[in-house]
Undergrad: 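Here you go, one structure.
Note that these values count all heavy atoms, side chains included, but never hydrogens, waters or copies made by symmetry. Read the numbers this way: they start at 1 and go in the same order the structure lists the ligands and their atoms. This one's a predicted model, so the numbers in the text were calculated from it and none came from an experiment. Start at 1 with the first residue, then count along the sequence.
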Amino acid sequence: MNQRQLFLQHVAQTSDAPLALEIVKAEGSTLWDVDGKSFIDLIAGISVCNIGHRHPAVTEAIKKQVDQYLHLLVYGELVETPQVAYAHHLARYLPRSLNAVYFTNSGAEATEGAMKLAKRYTGRTQIIAFNQSYHGSTQGALSIIGDEYWRNAYRPLLPGILHLNYNSFSDLEHIDTSTACVVAETVQAERGIVAPSNAWMQALRKKCTETGCLLVLDEIQTGFGRTGSLWGFEQIQVIPDIVLLGKALGGGMPLGAFIADQKIMRCLTGNPVLGHITTFGGHPVSCAAGLAALKVLQEENITGSVKEKEKLFLSLLKHPQIKTVRSSGLLIAVEFESFKKNKTIIDLCIEAGALTDWFLFAPQCMRIAPPLNISDEEIVKACGIIIDAIDKA
Ligand code: PLP
């Protein structure tokens, strides 16, 4: 059996039609398959590889840490320098109230931890989230995602969850003194890039403050420069009580985090002690890689060119068959008439050497979320491939 057959037989599948490309190398914004064919990466591992694949600063940091130690003990027991250094650096570049970092293994676990923390801090049980939002696939995170098609087969899910409409001022009335937290994406990514109005986000912040519930902003996909600022919430001038990070947080290694003020986070230390525990959360190699990646993002001012690159994409993504293009920095959704049409175009793009896909709650939209340091030449080439594919579809 070849690798592909072994993959289909022994690696658990989540769809009947996995891409199943056999990638053997990745660097910058390029992937190479086993036959030497190259692909421009337009999805960056789903908003993970914001500084491109295998940046030398990241691989160096990983090698250095591997030579010192790997896993030592469960989260929170030892002073592990990679964790401390990364938490300290993150706190320097976050608002002052976001100063205590709880590292997890994934984005979904960050969502889980934040939901538990909000319940403990407020003593309340209701959790509010939004229709067409995505926060992860574990039972708790699944309970708050905003699409019944994805939730339905796994009921019963968590009780006490209320879904409101994103961007609806009138729906904010449902937030009250029984609400522990409101969980919202800074930009709804899997809906096909839907940004809130600043006024609505600010009204949401005000309502949370008035009712004493915590505002949790999910920056798992929008963080680390993706939307053109280090954090998406900078552009809407709203500071959350808890921020969720993941994806690019680990610089290509698995890492998530929920971050809050120490006074909130301390709820996890007593009654019961060990209020949230994990063996591998904040793995030293992941923290070393993540810190190196964040420093590259900042030192090379990669975020600074995101808006210009977004403009270049938008100027080139013009075709009568494109219904709309919605974007927030280098998080771009190109909408076609149907999933069928989109899938045909995606397959043609991959065949021609540009890797893209669709969005969970917007299958008629093509996802464009490349490494943030993709070059202008690569953007021009990728858009050429997309336009050709649309012509052929
Ligand atoms: N939140 C958002 C906005 C996401 O896009 C994702 C993953 O796509 C998650 C949470 C869950 O992260 P993970 O897949 O690491 O559990």
Undergrad: Surrounding CZ of Phe169 (heavy atoms of other residues, nucleotides or ligands, distance under 6.0 Å), is the total greater than 12?
TA: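 Yes, the 6.0 Å shell around CZ holds more than 12 heavy atoms from other groups.
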Undergrad: With a 4.0 Å cut-off on N to O distance, would you call Lys323 and Glu337 a salt bridge?
TA: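 Answer for the salt bridge query: no.
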Undergrad: Using a strict cut-off of under 4.0 Å between a residue heavy atom and any atom of ligand 1, list the qualifying protein residues by chain and number.
TA: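 Within 4.0 Å of ligand 1, the protein residues are Ser106, Gly107, Ala108, Tyr134, His135, Gly136, Glu185, Asp218, Ile220, Gln221, Lys247.
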Undergrad: Please give me the minimum heavy-atom distance between Asn165 and Asp171, naming the atom from each residue.
TA: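 Shortest heavy-atom contact: N-OD2, 2.8 Å.
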Undergrad: Using a strict 4.0 Å threshold on nitrogen-to-oxygen distance, state whether Glu148 and Arg155 make a salt bridge.
TA: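 Answer for the salt bridge query: yes.
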Undergrad: To the nearest 0.5 Å, what is the distance between CD1 on Ile345 and CG on Asp388?
TA: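 Between Ile345 CD1 and Asp388 CG, I get 12.0 Å after rounding to 0.5 Å.
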Undergrad: Are Asp67 and Lys63 ion-paired here, with the side-chain N under 4.0 Å from a carboxylate O?
TA: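 No, Asp67 and Lys63 are not salt-bridged.
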